[in-house]
There are 2 protein chains.
Amino acid sequence: MSSGQPLSHPVEPTLTIAQVVERTGLSHDTLRYYEKAGLIERVGRTTGNQRRYRAADLAWLEFLIRLRETGMPIADVRRFAELRSRGDETVPERLAMLREHGAGLRERIRALRRDASALEDKIDHYERLLERPGSDDLI
Amino acid sequence: MSSGQPLSHPVEPTLTIAQVVERTGLSHDTLRYYEKAGLIERVGRTTGNQRRYRAADLAWLEFLIRLRETGMPIADVRRFAELRSRGDETVPERLAMLREHGAGLRERIRALRRDASALEDKIDHYERLLERPGSDDLI
DNA sequence: GCTTGACCTGGAGCGCGCTCCAGGTTCTAC
DNA sequence: GTAGAACCTGGAGCGCGCTCCAGGTCAAGC
């Protein structure tokens, strides 16, 4: 129920896919899809070919989820993952990607806040309309 | 090039679809799609069956765009549009929709800000890695 | 009157990001 | 050793939100 076959000689605790599903909120299918799509390196297997996720896999997964949740497209995440797997000489390029993504994200947040306050105004408008109806019905 | 045939007796200025494209940033196809999909009531036509958008159409379009940009699905926008077309007795329901949408939006903004600052941390990490390389490579 | 560009319609197609399926293997508990 | 749950694979399917296309009609300038 807990760890399964170790993959390397000094026993490192690993997680089954079900446990990763539980921890990340991703589905089995999404996890397999991410692997197939190259967002995750091929994760280690037991002798019976079942996935065993290591702590490093989890850490990357969690970062990847953040990238996705902030709107980075699959293709870009894959690019980032490829850079990562090529080692330290790709750090500058990865940094550039993150900076660009961060800038876009901050911009989106600003836009959302503007929209949110416009929405509040509309809500206020509706509330006034409810209190004294029939006054105007612009929207 | 400017206004086209009026639709009602006291001449109200109207916009061609090209002018609406320019003002809203939506494409011709998207505008027609929104109409087909019921997000916009059938807009007035010239005798030659060409669309002419009135100020009220524009105002609704701009609000609709805000709803879409803040992530409201097409189906919900259609629902809202239907309520709108049923008149003032649907104001409470519309208000409820907007309040719920606003709450979700604020929650999303909060999450994005958390993610954005986690992203900054990761960027800092990469910057340190660039300054004194080889120290660690967790992500 | 003719040309050219803007506009119309219905319907097919597409990119994204999963999600589901069939058919098989493996693991766990008894 | 066996039942049942968990896992595997390749590939098809799907929901969303457009976007494109074919085959026309309409409008404005010369």
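What you are looking at is a predicted structure, and each value in this text was computed from that prediction instead of being measured. Reminder, nothing fancy here: chain letters follow the sequence lines and each chain counts from 1.
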- Qualifying residue for side-chain contact (heavy atoms from CB on, under 4.5 Å) with A:Y34, from A:D29, A:V77, A:I74: A:I74
- Message: One character per nucleotide, please: for nucleotides 6-19 of chain C, 5' to 3', B when the base has a protein heavy atom closer than 4.0 Å, S when only the sugar-phosphate does, - otherwise.
- Response: -SSBBB-----BBB
- Between B:R94 and B:T90, do the side chains contain an N or O donor and an N or O acceptor separated by less than 3.5 Å?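 Side chains of B:R94 and B:T90: pair found under 3.5 Å.
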- Task: Mind telling me whether A:W60 and A:F80 have parallel, tilted or perpendicular rings, with 30° and 60° as the class edges?
- Result: parallel
- Query: Is it the case that more than 12 heavy atoms not belonging to B:E22 sit under 6.0 Å from its CD atom?
  - Reply: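 No.
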- Would you find more than 12 non-hydrogen atoms of other residues, nucleotides or ligands less than 6.0 Å from B:E41 atom CD?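 No, not enclosed.
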- Query: With sequence neighbours left out, what residues match A:E107 under salt bridge (charged side-chain N to carboxylate O under 4.0 Å, His left out)?
  - Reply: A:R110
- Should A:L130 and A:E127 count as side-chain neighbours, where that means a heavy-atom distance under 4.5 Å? no
- Query: Through what angle, rounded to 10 degrees, does the axis of the helix from C:dG1-D:dC30 to C:dC30-D:dG1 turn between its ends, using five pairs per end?
  - Reply: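 The end-segment axes of the helix from C:dG1-D:dC30 to C:dC30-D:dG1 are tilted 10° relative to each other.
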